[in-house]
There are 2 protein chains.
Amino acid sequence: MTVTKGVFNSDHQRDYLKHILHLQQVSSPVATTALAEAMGVAPSSVTDMLKKLSRKGYINYRPYHGITLTGEGEKEAIKAVRRHRIVERFLTDMLGFEWHEAHEEALAFEHNISDEVERRMYVACNKPTVCPHGYPIPSSVEDTIVSGVPLYSLEPGQIARVVSVEDDEPDLLRFMDSLGIKPGVRIKVDGKDPFKGPMQAEIDSKKRTIGWHLANQVYVDKVS
Amino acid sequence: MTVTKGVFNSDHQRDYLKHILHLQQVSSPVATTALAEAMGVAPSSVTDMLKKLSRKGYINYRPYHGITLTGEGEKEAIKAVRRHRIVERFLTDMLGFEWHEAHEEALAFEHNISDEVERRMYVACNKPTVCPHGYPIPSSVEDTIVSGVPLYSLEPGQIARVVSVEDDEPDLLRFMDSLGIKPGVRIKVDGKDPFKGPMQAEIDSKKRTIGWHLANQVYVDKVS
DNA sequence: TACTGTATTTAGAAACATCTAAATATAATT
DNA sequence: AATTATATTTAGATGTTTCTAAATACAGTA
Ligand SMILES: [Mn+2]
Ligand SMILES: [Mn+2]
Ligand SMILES: [Mn+2]
Ligand SMILES: [Mn+2]
């Protein structure tokens with residue numbers, strides 16, 4: 001470990017901030033291991049990075065007790081999320097990518113684009129409010145609040161509308177596609193097996209079986 | 001200096017290859033200083049990189065005597081140039097950037113985009129054959145040959161058509177724009193002052209004065 | 001309160017890209 | 001052929017991100 005100093009914000013550091021924002025919405029403060037898992041690096045690598053981010057004022061870091069974003073860190077994180085979702089949108093709307101490709105392509109893509117390119121992509125896509133997976137394109141913290149409940153929390157007889165789906169598993173997204181699940185679609189729950197068993201549901205007037213795992217990655221608004 | 005080994009081709013290495021290709025079209029083998037100048041880094045940094053590129057088989061490196069691209073290196077360099085020009089095209093055609101912005105934005109942008117994104121940009125721009133500055137979008141070495149002669153080499157009375165302009169000085173590009181100079185435009189040379197003095201020319205039936213420096217950054221095909 | 005397992009941090013290293021200052025090789029000039 | 005100027009490489013360093021293995025802190029159980 002080498003102690004360093006610096007003021008600039010690299011690509012990787014933005015990625016860390018983005019993941020911290022995501023994780024702290026589930027539980028705060030965020031643990032080193034959770035972040036390491038999310039970033040796909042070793043916990044010791046995270047520790048090193050936390051020192052840098054802390055020194056730069058992006059996070060509040062209490063060794064052994066996890067981290068939270070500072071106001072500045074939150075601002076940067078939201079900018080990163082906004083950019084990611086605009087790029088996803090650009091990839092689907094302007095280049096014709098499928099939504100299951102958009103997320104991963106965007107991850108490779110989103111670094112090193114200027115604010116101006118981002119702005120123009122946003123305008124060229126008609127200032128969209130959500131990404132292809134239904135998540136808001138944020139300007140501030142409030143915009144990052146995700147509405148909706150997991151599909152699996154619904155009971156038989158209830159009707160709901162899909163608002164968003166987890167976008168980080170391409171294969172799962174492709175499978176959702178084959179079931180007709182995407183933001184805006186109406187789902188009627190017919191039944192739900194016990195012990196985390198599959199749901200039976202109607203999507204676009206077709207009867208479908210939806211496993212526990214998948215049904216927890218689809219977020220819906222109850223209609224009735 | 002640390003001796004290292006590795007097989008992957010980073011962004012920076014691609015940039016080096018791109019600049020080597022460009023420089024060796026003017027004079028070969030390429031000198032360390034020339035490359036350092038082009039890359040905007042110190043000569044010693046270039047030496048380090050040359051060792052890496054040589055070890056990876058992209059260049060033929062004779063210490064103290066300059067370098068040339070290998071077949072493999074040329075292939076990579078051409079891919080980089082192709083990508084750069086497609087991205088420039090995308091920026092002007094799809095995002096509405098001016099040509100003087102396109103080059104610099106593309107430099108920041110072109111890394112980390114997948115082959116598939118590049119392909120789709122290419123298709124979305126209707127498979128263009130040249131970049132916004134008139135340079136070919138290459139598939140092979142032959143495609144990189146630049147036709148045309150410097151405007152300044154013309155004599156009074158001659159008429160020419162602009163094929164390409166140097167794209168690395170934004171301010172100069174903006175000034176060219178204000179004179180109506182761009183690929184495809186017809187220029188009639190009226191006069192040329194001695195001792196590297198300015199030219200007098202007609203562009204779009206307007207009389208213009210064009211300095212030596214500028215006239216050497218505009219490449220034209222003689223029409224008569 | 002002491003023990004113990006897991007989470008977290010430190011130690012030491014590699015790989016990358018860059019720098020300045022110093023040493024050396026090559027080329028040009030006397 | 002000897003000298004000198006310039007180009008180029010080496011030496012030693014910083015800064016970035018990451019790793020494995022070892023040490024330590026914390027929290028939950030005995
Ligand atoms: Mn995404
Ligand atoms: Mn998304
Ligand atoms: Mn260019
Ligand atoms: Mn160009």
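Lettering follows sequence order; numbering is per chain, from 1.
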Which donor-acceptor pairs under 3.5 Å do the side chains of residues 104-112 of chain A make with protein atoms, sequence neighbours left out?
{"unit_1": "A/E105", "atom_1": "OE1", "unit_2": "B/S114", "atom_2": "OG", "d": "2.8"}
{"unit_1": "A/E105", "atom_1": "OE2", "unit_2": "B/S114", "atom_2": "OG", "d": "3.0"}
{"unit_1": "A/E110", "atom_1": "OE1", "unit_2": "A/H84", "atom_2": "ND1", "d": "2.7"}
{"unit_1": "A/E110", "atom_1": "OE2", "unit_2": "A/K18", "atom_2": "NZ", "d": "2.5"}
{"unit_1": "A/H111", "atom_1": "NE2", "unit_2": "A/D15", "atom_2": "OD2", "d": "3.4"}

Sequence neighbours excluded and cut-off under 3.5 Å, please list the side-chain donor-acceptor pairs for residues 129-140 of chain B, or say none.
{"unit_1": "B/H133", "atom_1": "ND1", "unit_2": "B/E88", "atom_2": "OE1", "d": "3.3"}
{"unit_1": "B/H133", "atom_1": "NE2", "unit_2": "B/W99", "atom_2": "O", "d": "2.9"}
{"unit_1": "B/Y135", "atom_1": "OH", "unit_2": "B/V165", "atom_2": "O", "d": "3.3"}
{"unit_1": "B/S140", "atom_1": "OG", "unit_2": "B/E142", "atom_2": "OE1", "d": "2.8"}

Which atom pairs, donor and acceptor, lie under 3.5 Å between side-chain atoms of residues 168-175 of chain B and protein residues at least two apart or in another chain?
{"unit_1": "B/D171", "atom_1": "OD1", "unit_2": "B/R174", "atom_2": "NH2", "d": "2.8"}
{"unit_1": "B/R174", "atom_1": "NH1", "unit_2": "B/H100", "atom_2": "NE2", "d": "3.1"}

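Between the C1' atom of C/dA11 and the NZ atom of A/K51 lies a distance of 10 Å, rounded to the nearest Å. Rounded to an integer number of Å, the gap from B/Y61 OH to D/dT10 C1' is 10 Å. One interatomic measurement links the two molecules: NE2 of A/H12 to P of C/dC16, which rounds to 14 Å at whole-angstrom precision. For the pair B/I59 CD1 and D/dT8 P, the interatomic distance rounds to 13 Å; values are reported in whole Å. Residue A/L17 contributes atom CG, which lies 15 Å from atom C1' of D/dT17 at whole-angstrom precision. Rounded to whole angstrom, the span from the CG atom of B/L53 across to the C1' atom of C/dC16 amounts to 13 Å. One atom, CG of B/D11, and another, P of C/dA17, lie 9 Å apart when rounded to the nearest Å. With rounding to whole Å, B/R14 atom CZ is found 13 Å from C/dA17 atom P.
Near DNA chain C, meaning a heavy atom under 4.0 Å from it, residues 31-41 of chain A has A/A31, A/T32, A/T33 in order of number.
Closest approach to the B/H65 side chain among C/dA27, C/dT18, D/dC19 is made by C/dA27 (side chain taken as heavy atoms from C-beta onward). Across C/dA17, C/dT9, D/dT9, the shortest atom-to-atom separation from the side chain of B/L50 is found for D/dT9. The B/K52 side chain lies nearest to C/dC16 when the options are C/dC16, C/dT20, C/dT26. Residue A/D48 has its side chain nearest to D/dT18 when only D/dA27, D/dT16, D/dT18 are considered. Closest contact between the side chain of A/Y64 and the listed nucleotides C/dT18, D/dT24, D/dT10 involves D/dT24. In the set C/dT9, C/dC16, D/dT9, D/dT9 carries the atom at the smallest distance from any side-chain atom of B/T47.
The 12-atom threshold is not exceeded at CD of B/E37, counting heavy atoms of other residues, nucleotides or ligands nearer than 6.0 Å.
Distances shorter than 4.0 Å separate none of the side-chain N or O atoms of A/S45 from OP1 or OP2 on D/dT17. For C/dC16, the OP1/OP2 oxygens have no side-chain nitrogen or oxygen of B/Y16 closer than 4.0 Å. Using a 4.0 Å cut-off, no side-chain N or O of A/Q13 falls inside it from OP1 or OP2 of D/dT16.
Distance check, rounded to the nearest 0.5 Å: CG of B/N60 to CG of B/L69 gives 8.5 Å.
Every residue meeting the salt bridge (Lys or Arg N to Asp or Glu O under 4.0 Å) condition with A/E116, not counting sequence neighbours, appears here in chain and number order: A/R119, A/R120. Every residue two or more places apart in sequence or in another chain was checked for a side-chain hydrogen bond (donor to acceptor under 3.5 Å, both in side chains) with B/Y152, and none qualifies.
Checked against a 6.0 Å centroid threshold, the rings of B/F90 and A/F90 count as neighbours.
Side-chain to base pairing of B/S44 with C/dT18: no donor and acceptor N or O lie closer than 3.5 Å to each other.
Within the nucleic acid shown, B/P63 comes within 4.0 Å of sugar-phosphate atoms alone, with no base atom in reach, counting heavy atoms only.
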